[in-house]
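Here the structure comes first, spelled out in structure tokens, and everything after it is commentary.
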Amino acid sequence: ITAVECYANAGTPTVTPIITGGAANSILTGALTCGTGSFASGTLNGTPTQAASGSIDANITAAGGTAKYLVIRITRTL
């Protein structure tokens, strides 16, 4: 995984995406507050690796009040 970004239509929702079965910091060093109107970038915890059969949980840690939707964008190399 080389980058994680989040966007919401309103409010300040936060997400902590994790590799399924991994620790709370398996991808990011902490929660990522989504940007409003543009993507906000999270800080990677080293070089996270997702196994071929693994999945990623979005883990919305705070709904952010007025957000109706959010988008999490994860970039990775194959």
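None of these values were measured; they are calculated from a predicted model.
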Okay, side chain of [X], backbone of [Y]: is any donor-acceptor separation there less than 3.5 Å?
X: Thr75; Y: Thr2; value: no
X: Asn9; Y: Tyr69; value: yes
X: Thr20; Y: Ser55; value: yes
X: Ser26; Y: Ile19; value: yes

Over all atoms of both residues, closest heavy-atom pair of [X] and [Y]:
X: Ala24; Y: Thr16; value: O-CG2, 3.4 Å
X: Thr66; Y: Gly11; value: OG1-N, 3.3 Å
X: Ala10; Y: Ala67; value: O-CB, 3.1 Å
X: Ala40; Y: Cys34; value: CB-C, 4.2 Å
X: Leu70; Y: Pro13; value: CD2-CB, 3.8 Å

Would you say that Leu32 contacts Thr14 through its side chain, given a criterion of any heavy-atom pair below 4.5 Å between the two side chains?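 Not touching, per the 4.5 Å side-chain cut-off.
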
Test item: Ile27 and Leu44 side chains (from C-beta on) under 4.5 Å apart, heavy atoms: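 Side chain of Ile27 against side chain of Leu44, heavy atoms only: contact under 4.5 Å found.
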
Do Phe39 and Ile74 sit in one hydrophobic cluster, given that two such residues count as connected whenever their side-chain heavy atoms are within less than 4.5 Å of each other, even indirectly?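 In one cluster: no.
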
How far does OG1 of Thr43 sit from CG of Leu28, to the nearest 0.5 angstrom? 7.5 Å

Spacing of OH belonging to Tyr7 relative to CD1 belonging to Ile72, to within rounding of 0.5 Å: 14.5 Å

Test side-chain contact (heavy atoms from CB on, under 4.5 Å) applied to Pro17 and Val4, Ile1, Asn59, the passing residue: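 Output: one option passes, namely Val4.
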
Of all pairs that satisfy salt bridge (charged side-chain N to carboxylate O under 4.0 Å, His left out), the ones with a partner from residues 3-29, not counting sequence neighbours: Glu5-Arg73

